[in-house]
Amino acid sequence: MTNVEISKVLEEIGTMLELKGENPFKVRAYERAARELETQNESVEDLVADGRLEELPGIGKALVEKITELVTTGRLKYYEDLRATIPEGLFEMLHIPGFGPKKVNAVFSKMGISSLEELEGAAKEGRLSSLEGFGKKTEAKVLEGLESMKQRVGLRRLGEVLPVAEEIVAALARCAAVNRVCYAGSLRRMKEVVKDIDILASSDEPETVMDLFVGLPVVSQVVAKGSTKSSVLLNLGIACDLRVVPEESFAAAMQYFTGSKDHNVHLRGLAKDLGYKVNEYGVFRGEERIPCATEEEIYELLGLQYIPPEMREDTGEIHLAAAGTIPRLIEATDLVGMLHCHTRWSDGRNSVEELARAVQERGYQYLAICDHSQSSYIANGLTVERLQQQWKEIDDVNRNFRGFHILKGIESDIRSDGSLDYPEEILEQLDLVVGSVHQSLNMPAEQMTSRLVTALSNPHLHILGHPTMRLLLEREPSAFDMEAVIEAAALYGKILELNANYYRLDLNWLHCKLAKSRGVKMAINTDAHDLEGLDHIRYGIGTARRGWLTKEDVVNCLGLDDLRALVGR
DNA sequence: GCCGTTTTCGGCCCGACTGTTTTCAGTCG
């Protein structure tokens, strides 16, 4: 059993105890233990075998017993008994904004409501507001929350889906009957959320390929199986289609199934004017097939430059391609610096040194450590004193590196009045200041706009972090005047973040385009809290490419000296 | 639940906001 699996069980016990209205400190004990095991470098199984589990902070007698039972038998009676008393619907209710364990517990124990459907019924009939502590506003918020949850059904974040799609493609590619194979659709265009996976393969033996596909371990249910198209449901909870085409149709099919629909409509119109017909089977002049082995050849035939998939949204890319002015979009290898990462000093999982090694191994030249500032109490934000201790550690670690440098940064809270979270004499000693909003996310739009503009006008701020504060499929962006914020960034020469965490992707691709058009520079930041988080940079790159960004638009493509010059430090 | 004792029970992590109250509970970060 992996540490993460064990940790998940403890985490869930914590949630269930919370739903049952147990002592909050007991709940926290389980949550703390879950975090401890998750971030533990050593295998918990080994610790159990060696009898060293109790040495871990936050793990006492009761938890040792439970964890031991779990890793030795693979089961935990306490967990299973608890689980049996809590309907699944209660967990789902926790995802309604403003609905926490107490409210869920109240509707369950006092009204017997145990599913989202029952909750919706009660809210619509106005019965919910009769409950003590519930009013009309709560009732309306529940309905609103349920509605937005319905819209999210069947959608998954890019970062959840892409690795699975790659796994499927890799499995198919190993099959001798497969000629070419690739994922297409919105996933290939790197959309931030997708509703399904489209995979395309070419083969002379489609049945063999289909048999392999429907039998993959990631498949939970076969919806349809034929020789040209099969549809399955994945364990991930979304659909996946595989289309198998003859080799000569592969390029046209890739172009067709990558979309977007608007892009293809525009393209087909253009083709028609030139006397061609483009469809999923190929490019034709009358009945005659024009051989095209690659997408590049198709675009060339139509008098166009190749258009990268991320740009295919019919927002002007076809005109650029016709004029031969498609920009060279940013690529992962253009980035030389990693900005905005967290360490154990606040709520990250790794030490300064571990993080720096990992960043260097990934080919970067510098790293800015930007832990949370003092107001972020929950995230273990740094007091001035602890910040200065961290500087000392960074100085020490820097001595162990050649050709790589760690910058002293901070992710400073932007307080409600737009001010930063440290006195000036501290801010001016930092190499890089990222300012982010973490509290009061729902203030009126005008107030939020002036809060952000005030922050941007602060000479000590360099980068505005995750500007909209959205969490994909979870939390809507904060309301404010984005144009005004971008104008302020332009006016004060400040950098906007493109946060690459796949829950955020904030700014989004349209905002990136807007920022670029105003001459505002961007920083693509992982906001990594662990080593795996460093690899999420690819989602930021995808979003940047959707926003037509080039390496000239992105400050962490600059060498260290140029970056320092840009931020004046 | 854990922890640290002033050894066997009391404290444990804060602050803002919202909606429900009429002085506070629940949620969220």
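Each chain gets a letter, A, B and so on, in the order its sequence line appears, and its residues count up from 1.
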Round to the nearest Å and state the distance from [X] atom [atom1] to [N] atom [atom2].
| X | N | atom1 | atom2 | result |
| --- | --- | --- | --- | --- |
| A:Glu54 | B:dG1 | CD | P | 14 Å |
| A:Glu22 | B:dC2 | CD | P | 13 Å |
| A:Arg28 | B:dC13 | CZ | P | 7 Å |
| A:Arg415 | B:dG15 | CZ | C1' | 13 Å |
| A:Leu82 | B:dG1 | CG | P | 10 Å |
| A:Asp413 | B:dG15 | CG | P | 14 Å |
| A:Leu53 | B:dG1 | CG | P | 15 Å |
| A:His438 | B:dA16 | NE2 | P | 17 Å |

Between [N] and [M], how far apart are the two [atom1] atoms, rounded to whole Å?
| N | M | atom1 | answer |
| --- | --- | --- | --- |
| B:dG15 | B:dG10 | C1' | 24 Å |
| B:dG29 | B:dT23 | C1' | 24 Å |
| B:dT7 | B:dG1 | P | 25 Å |
| B:dT6 | B:dG11 | C1' | 13 Å |
| B:dC14 | B:dT21 | P | 28 Å |
| B:dC24 | B:dT20 | C1' | 8 Å |
| B:dT22 | B:dC13 | P | 33 Å |

With respect to the phosphate group of [N], does any side-chain polar atom (N or O) of [X] fall under 4.0 Å of OP1 or OP2?
| X | N | value |
| --- | --- | --- |
| A:Tyr377 | B:dC28 | no |
| A:Tyr30 | B:dG1 | yes |
| A:Lys141 | B:dT27 | no |
| A:Ser440 | B:dA16 | no |
| A:Arg32 | B:dC13 | no |
| A:Thr138 | B:dT20 | yes |

With a 4.0 Å cut-off on N to O distance, would you call [X] and [Y] a salt bridge?
| X | Y | result |
| --- | --- | --- |
| A:Glu88 | A:Arg83 | yes |
| A:Arg518 | A:Glu483 | yes |
| A:Glu65 | A:Lys61 | no |
| A:Glu42 | A:Arg52 | yes |

Taking C-beta and beyond as the side chain, do A:Tyr503 and A:Leu472 meet within less than 4.5 Å on heavy atoms?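 Side-chain contact under 4.5 Å: no.
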
With heavy atoms under 4.0 Å as the rule, sort [X] into base, sugar-phosphate or nothing.
| X | value |
| --- | --- |
| A:Arg475 | sugar-phosphate |
| A:Pro24 | nothing |
| A:Ile59 | sugar-phosphate |

Name the residue closer to the 5' end of DNA chain B, choosing between A:Ser416 and A:Lys136 according to the nucleotide with the nearest heavy atom.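 Result of the comparison: A:Ser416.
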
Tell me if the NZ atom of A:Lys408 is crowded by more than 12 foreign heavy atoms within 6.0 Å.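 Check passes, neighbour count above 12.
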
What is the base-pairing partner of B:dT8, counting Watson-Crick and G-U wobble geometry with both distances under 3.5 Å?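 Because no pair has both required distances under 3.5 Å, B:dT8 counts as unpaired.
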
If you check the A:Lys137 side chain, which of B:dT20, B:dC12, B:dG26 turns out closest?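 Of the options given, the side chain of A:Lys137 lies nearest B:dT20.
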
